[in-house]
Amino acid sequence: MQFVLDTLVELIPGLWVSIQMAAVAIAVGIPLGFGAGLALNSPSKALRWITITLVEIFRGFPALLTLYLVYFGLTNIVTLGRFTAVMIAFGVTTAAYTAEIFRASIASVPKGQIEAAQSVALSRGQITSRIILPHVLNIAVPPIIGIAIITFQGTALAYAIGARELLGTAYSIGMIQFRVLEPLLLAALLYLLVTSLMAWLEILAERRVARLTGTNGNRVRARRRNRVGRQLRRDDRALGLAEARITP
Amino acid sequence: MTNPDGAPALSAKNICKSFGDKKILRGISVDVAKGEHIAIIGPSGSGKSTFIRCLNLLEMPDNGTLRLDGQQVLDAELKTPTRSVRSLRKRVGMVFQSFNLFSTHTALENVSLAQRLALGRTRDESSTRSEELLKRVGLKDHMDKRPGQLSGGQQQRVAIARTLAMDPEVILFDEPTSAIDPEMRVEVLKVMTELAEGGMTMMMVTHEIEFAKQAADRVMFLADGEVMEMGPSGQILTDPENERIRRFVNALSGVI
Ligand SMILES: Nc1ncnc2c1ncn2[C@@H]1O[C@H](COP(=O)(O)OP(=O)(O)O)[C@@H](O)[C@H]1O
Ligand SMILES: [Mg+2]
C-alpha cells in the first residue's frame, strides 16, 4: 500500500508534464487548425491544395514519426528541447486533426449571414473574427475536445524521446523498483481521470450546442453513440501506442 | 444631406449581369430621387434579387455605372477599390428575404456590431442608438434575445433596425415579408410604412400589392432581366396597360 501511495506521489510531476505538453500542443494546434480550416474554404484553389496536402501529410504520419522528425531530424538545423519538439510535433498533428472539423464548421456558417455582414460594411477580417469565429466556436467545441483527448493521450509518445511525462515516469519507477504493474496501472488511472474529465466537458459542450442550435435529443443521442465509437477507436490507438513503446 | 444640384439619391445605368452564359440582367437603369420609394415587381427568376444585389455590390455587375448622390461609386470599367465598396455599403442598406441575422449575437448586438466596427462608434453610442431603434420597431422587450428565440416578423424588424443603424441614404429590401407568416407580416409592413413616411429613400422588391400601392411612388416591372414597364404605382398597380402586367397584378391581388 505504501508503495502504491509513494508511486502515486512520484507520478504527479509526470502527470503535470503530460498536461502541460497537451496544453501547449492544443494551444498551437487549434489556431493553426482554424487557419487551415479557413484556407480549406478559400476561393483560391492553390491555397486549398497546399493546405489539403499539409493536412494529409500530418494526419498520415504517425505522430511518433513526426515527433522523431522534429526532435532528431532537425538537429542539423536547430537543436530543440524535448518540450519544444513535443509542442511543435503534436501541435502540428493536432492542427491536422482539427482542420477538417474547422473546415466543416466554417462551411456551415450560413452564407446569408456573411452577406448581411458585408452589407453593413464589415471587412473580411471583421467577418472572420466577429461572425465566423463565434459560430465555429459554438459548434466545433465538442469535437475539438474529442481531439484534445487524443492529443493528451498522445503525449505518452514523448517517452520515446526520453521526456519524463506520465508514462515515462511510471515506466522508470517500474524499472527501478522491479515492480512494473502497479506504476503502469496507476498511470492508467491518472490518464483515465483526465480523459474522463475531458469527456465530461465534451458532454456539457454538446448540450450547449444542442441548446444553441435547437438540435433535438435524437441528434445528441446519436452523437453520444458516436462518442462511444470514438472512445473505442481511441483505446485502439492507445494500445498501438503501448506496443510502439515496448520496442523503443 | 444637402443636395444642391438635385442629384438622385441613387442612379444606376445599364446594369448588366450574367451567371455563366445566362444573361440575367440586360441593362437596367433607374434614377431614384431623394425620399422616393420604388417597388420592384415581376415574375420569379426575372432578376429582381440580382438587380438590387448589384446596387450594393453583393453581386458585381458585368457592366454599368452607379452613382450615389451624384457621386460615382462604380464606373464603366467597374473599378471599385475594396475601400470604396465598403464605403458604398455604409450608404446603401439591405434588408434580406431571410433576415440573415447573426445567429450567435443578441438582437442588440446585431444592431450594434457594425456601428462599432464599420462606423467607429463607441460601445455606449452604439448601444444607445440600437436600443432606440429596437424600441422604434417595437422590440423593446426582446433586445437580449438571440435570433432563434424570435419570430420571423421580429427577426425582420431587428434586421431593419440593423440597417437603419448605419444611417443609410438608401435602403434596399428584397421581398422582406415573403418568408414571414401572414399574420406577422403586418408588423414589418407597418415599420416600412413609417420609414417611407419619414422620407427614407427605398427600393423594395415586394409582392404586397396593397402595401406597394400605398407606399410606393413608382413601380418597376421586371421581366427576363429587363424593365418591361416603369411608372406611377397608382397606374401600374390599379390599371396597367400592358396585358402581361395586368395578369400578374391581378393574380397577386387575387392571392391576397
Ligand atoms: N449566384 C447565382 N449563380 C447562378 N445563377 C443565379 C445566381 N443567382 C441567381 N441566379 C439565377 O438568376 C436568375 C434570376 O434570379 P433572381 O435575381 O433571384 O430572380 P428573382 O429575385 O426575380 O426571383 C434565376 O434564374 C436564378 O437561377
Ligand atoms: Mg428574389
*Asks:* Step by step, work out the side chain to side chain contact (heavy atoms under 4.5 Å, CB included) result for A:Val120 and B:Leu113.
*Replies:* CA-CA 9 Å; A:Val120 286; B:Leu113 195 66; over 6 Å; no
*Asks:* CZ of B:Arg86 to CD of A:Gln126: how many Å apart, nearest 0.5 Å?
*Replies:*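 One finds 5.0 Å between CZ of B:Arg86 and CD of A:Gln126.
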*Asks:* Find the one option among B:Val92, B:Leu101, B:Thr104, B:Leu117 whose heavy-atom pairs under 4.5 Å with chain A are most numerous.
*Replies:*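 Greatest number of close heavy-atom pairs with chain A: B:Leu117.
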*Asks:* Please check if atom CZ in A:Arg48 has more than 12 non-hydrogen atoms from other residues, nucleotides or ligands closer than 6.0 Å.
*Replies:*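 Check passes, neighbour count above 12.
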*Asks:* Just give me the residue among B:Ser98, B:Ala118, B:Gly148, B:Ser103 that pairs up with chain A most often, heavy atom to heavy atom, under 4.5 Å.
*Replies:*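 Going by pairs under 4.5 Å, I would pick B:Ser103.
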*Asks:* Give, as side chain, backbone, both or neither, the part of B:Val95 having an atom under 4.5 angstrom from any heavy atom of chain A.
*Replies:*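 For B:Val95, there is no contact with chain A at all, as no heavy atom is under 4.5 Å.
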*Asks:* Can you tell me which portion of A:Pro134 sits under 4.5 Å from chain B's heavy atoms? Options are side chain, backbone, both or neither.
*Replies:*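 Contact with chain B: backbone and side chain both.
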*Asks:* What option among A:Ser123, A:Pro110, A:Ala117 has the most heavy-atom pairs under 4.5 Å with chain B?
*Replies:*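 Counting heavy-atom pairs under 4.5 Å, the top option is A:Ser123.
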*Asks:* What part of B:Leu58 gets closer than 4.5 Å to chain A, counting heavy atoms only: side chain, backbone, both or neither?
*Replies:*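 Only the side chain of B:Leu58 comes within 4.5 Å of chain A.
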*Asks:* Got a sec: does the NZ of B:Lys13 have more than 12 other heavy atoms crowding it under 6.0 Å?
*Replies:*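 It does: B:Lys13 NZ has more than 12 such atoms within range.
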*Asks:* Looking at B:Met166, B:Met94, B:Arg162, which one forms a side chain to side chain contact (heavy atoms under 4.5 Å, CB included) with A:Ser119?
*Replies:*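 When side chain to side chain contact (heavy atoms under 4.5 Å, CB included) is applied between A:Ser119 and each of B:Met166, B:Met94, B:Arg162, only B:Met94 qualifies.
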*Asks:* Given that the side chain runs from C-beta out, which part of B:Leu119 has a heavy atom under 4.5 Å from chain A: side chain, backbone, both or neither?
*Replies:*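 Contact with chain A involves no heavy atom of B:Leu119 at all.
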*Asks:* Just how far is it from atom CG of B:Asn100 to atom CD1 of A:Ile114, taken to the nearest 0.5 Å?
*Replies:*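 Nearest 0.5 Å value for the CG-CD1 distance: 10.5 Å.
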*Asks:* Can you tell me if B:His105 uses its side chain to pair, donor with acceptor, with the backbone of A:Arg130 under 3.5 Å?
*Replies:*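 Yes, the answer is positive, given that a donor and an acceptor are paired below the 3.5 Å cut-off.
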*Asks:* Of the backbone (N, CA, C, O) and the side chain (C-beta and beyond), which part of B:Phe102 lies under 4.5 Å from a heavy atom of chain A, both, or neither?
*Replies:*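 When you check distances to chain A, atoms from both the backbone and side chain of B:Phe102 fall under 4.5 Å.
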